[in-house]
Amino acid sequence: MQRYSVFAVAREAMRHHRGWQRAWRSPEPRKRYDVVIVGAGGHGLATAYYLGRNHGIRNVAILEKGWLGGGNTGRNTTIIRSNYLQDASAAIYEKSRSLYETMSQDLNYNVMFSPRGVMMLAQTEHEKRGYLRTAHANGRQGVATEFIGPDRVKQLCPIIETRGPRYPVLGALWQPRAGTARHDAVAWGYARACSDMGMDIIQQCEVTGITSRQGHVTGVETSRGPIACGKLGLVAAGHSGVLSQMAGFRLPIESVALQALVSEPVKPCMDVVVMANTVHGYLSQSDKGEMVIGGGADGYNNYTQRGSFHHVEETVRALIETFPMLSRLNMLRQWGGIVDMTGDRSPILSRSPLAGCFVNCGWGTGGFKAIPGSGWAMAELMARGASTLADPFSLSRFAEGRFIDESVAAGVAH
Ligand code: FAD
Ligand code: PYC
């Protein structure tokens with residue numbers, strides 16, 4: 001793999017940038033792989049990467065029906081944090097956040113991780129008590145968060161109206177090393193590293209069927225022909241239910257649209273991320289100057305990657321009360337993705353009823369932050385059959401009633 005560095009940029013500048021290699025190969029699919037991963041989003045690519053890097057399993061194909069990173073990985077609002085309540089969640093999200101800290105160096109690819117700090121506003125007494133509880137839990141879990149008062153909120157983010165008429169800001173749960181990263185770059189960085197390890201990323205290759213013999217997976221049918229495999233990982237976010245049906249089992253997942261929008265670019269006015277969950281809105285400023293805005297998920301199941309119009313209005317209306325300056329901005333564009341929701345708002349990282357077939361899904365509205373941690377844990381599960389980080393998130397928890405309730409920490413109304 002050609003290394004990216006300041007010297008490489010200087011060298012290429014001298015020869016009119018004619019020497020850059022393609023970041024990843026586009027091979028024809030082979031007949032068989034040790035492992036096939038369905039879905040070249042962040043989680044599928046990270047799973048493949050850690051299978052190769054941590055476990056030496058490199059005869060791997062990642063199959064993608066569209067283009068890599070074109071699902072939720074390239075559609076999210078890039079918030080990274082680990083301020084969850086339950087121990088199992090704090091462990092995997094904090095592992096993930098810490099992997100983000102060194103991801104650019106690990107992958108030799110600038111993912112623009114920006115630990116600018118994330119605050120979750122408390123705008124009711126109930127919410128304040130909830131975040132105080134999370135701050136205490138995080139203290140015991142080794143996750144650095146604190147509850148801050150309204151004056152500190154205003155100091156960190158001057159454009160907030162803390163004395164709003166309906167929902168004054170009573171404080172916030174503050175995680176200073178949380179932040180954002182460039183979402184496409186995360187997918188591209190993993191893809192480049194996977195390709196460099198000899199793995200095949202096959203785009204425009206839709207999985208249409210899953211084959212098995214005597215209860216064990218044997219391969220997949222695809223739009224580019226059959227591909228045999230020893231192990232199969234289903235990592236398809238909002239389409240996980242469709243794939244599990246092909247494998248002959250059902251998942252406790254609902255697919256709904258979540259959308260986001262950005263304003264016209266403005267001068268720097270906000271260098272933290274703010275989530276205002278009582279009013280259902282969140283806000284940050286991109287490096288290009290756009291205000292990045294999101295709200296709650298649509299209230300009905302569907303597979304359209306658009307989102308409904310009334311949600312845009314609701315989100316902006318809610319946020320204007322806390323951020324009055326937004327009312328003067330023109331909105332530039334809006335988009336949506338299909339998120340995969342479980343009942344307890346925690347992911348599923350698990351073996352499945354079909355031997356050799358594993359599932360990684362249920363990240364819902366909050367899986368961008370989890371990409372490296374999830375890939376690390378899923379790779380361990382697929383390679384070794386067990387993983388300390390993944391095991392609490394097995395499918396069996398739904399049968400056992402052992403829910404990992406993160407409906408508050410999920411941070412987005414649903
Ligand atoms: P995806 O990136 O969706 O990848 C799955 C891939 O599987 C897709 O590329 C799809 O084409 C492919 N696929 C599906 N079916 C098949 C098939 N049959 N054959 C082959 N390929 C198939 N999370 C955060 O942590 N922070 C945020 O700020 C945040 N904001 C969000 C905002 C929005 C608007 C949305 C929609 C989501 C947001 N999320 C956020 C959630 C986050 O984006 C997802 O949880 C995460 O990206 C899921 O990654 P993934 O790799 O599992 O899925
Ligand atoms: O999980 O932090 C999050 C998030 C923010 C916006 C959407 N999801």
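Counting starts at 1 for both ligands and their atoms, in listed order.
No cation-pi contact links R133 to F147, judged by a cut-off of 6.0 Å to the six-membered ring centre and 45° from its axis.
With respect to atom 40 (C) of ligand 1, the closest heavy atom belonging to the protein is T365 O, 3.0 Å. The protein heavy atom nearest to atom 6 (C) of ligand 2 is Y282 CZ, 3.0 Å. Nearest non-hydrogen protein atom to atom 53 (O) of ligand 1 is A237 CB, 3.2 Å. Counting protein heavy atoms only, atom 1 (P) of ligand 1 is closest to N72 N, 3.5 Å. Protein heavy atom nearest atom 35 (C) of ligand 1, with residue, atom name and distance: L258 CD2, 3.6 Å. In this structure, atom 32 (C) of ligand 1 lies nearest to the protein heavy atom N76 CA, 3.4 Å. In terms of protein heavy atoms, atom 1 (O) of ligand 2 is closest to K369 NZ, 2.5 Å. For atom 12 (C) of ligand 1, the closest non-hydrogen atom on the protein side is E64 OE1, 3.3 Å. Closest to atom 4 (C) of ligand 2, if we only count protein heavy atoms, is T365 O, 3.8 Å.
Each of the atoms 1 (O) of ligand 2 lies under 4.0 Å from some heavy atom of G366.
The proximity of H183 to ligand 1, defined as any non-hydrogen pair under 4.0 Å, does not occur for either the backbone or the side chain. At a heavy-atom cutoff of 4.0 Å, ligand 1 is contacted by no atom of D340, backbone or side chain. Only side-chain heavy atoms of H239 come within less than 4.0 Å of ligand 1; its backbone N, CA, C and O stay farther off. In L63, the part holding a heavy atom less than 4.0 Å from any atom of ligand 1 is the backbone.
The N/O atoms of G367, backbone and side chain alike, include one that comes under 3.5 Å of an N/O atom in ligand 1. Some N or O of T77 is nearer than 3.5 Å to an N or O of ligand 1, by distance alone. Every N/O-N/O distance between G337 and ligand 1 stays at or above 3.5 Å. In terms of N/O distances under 3.5 Å, ligand 1 is approached by H43. Between G42 and ligand 1, a contact under 3.5 Å exists for at least one N or O pair. Considering backbone and side-chain N/O atoms, W335 never comes within less than 3.5 Å of an N/O atom of ligand 1. Between A40 and ligand 1, not a single N/O pair is under 3.5 Å apart. Considering backbone and side-chain N/O atoms, I338 never comes within less than 3.5 Å of an N/O atom of ligand 1.
Between the H43 side chain and the C361 main chain, no donor and acceptor come within less than 3.5 Å of each other.
One finds no salt bridge joining E264 and R328 here, because no Lys/Arg side-chain nitrogen approaches an Asp/Glu carboxylate oxygen to under 4.0 Å. A salt bridge does not link R182 to D287: none of the charged side-chain nitrogens sits closer than 4.0 Å to a carboxylate oxygen. Checked for salt-bridge contact, R397 and D344 meet the test: a charged N lies under 4.0 Å from a carboxylate O. Between E127 and R129 there is no salt bridge, since none of the side-chain N atoms of the basic residue sits less than 4.0 Å from a carboxylate O of the acidic one. Between R97 and E101 there is a salt bridge, since at least one side-chain N of the basic residue sits less than 4.0 Å from a carboxylate O of the acidic one.
Aromatic ring pairs are classed by plane angle as parallel below 30°, tilted from 30° to 60° and perpendicular above 60°; the pair F368 and H183 is perpendicular. In this structure, Y93 and W363 have perpendicular ring planes: the angle between them is above 60°, well past the 30° mark.
Taking a 4.0 Å cut-off on heavy atoms, C205 registers as neighbouring ligand 1. Look at G294 and you'll find every heavy atom at least 4.0 Å from all atoms of ligand 1.
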> Is there a ring pair (Phe, Tyr, Trp, His ring centres under 6.0 Å) between Y190 and Y49 once you walk through the steps?
Replying inline: CA-CA 6 Å; Y190 276 125; Y49 173 74; 5.3 Å; yes

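With values rounded to the nearest 0.5 angstrom, I202 atom CD1 is found 8.5 Å from I62 atom CD1.
Shortest non-hydrogen contact noted between Y167 and Q123 is O-NE2, 3.1 Å.
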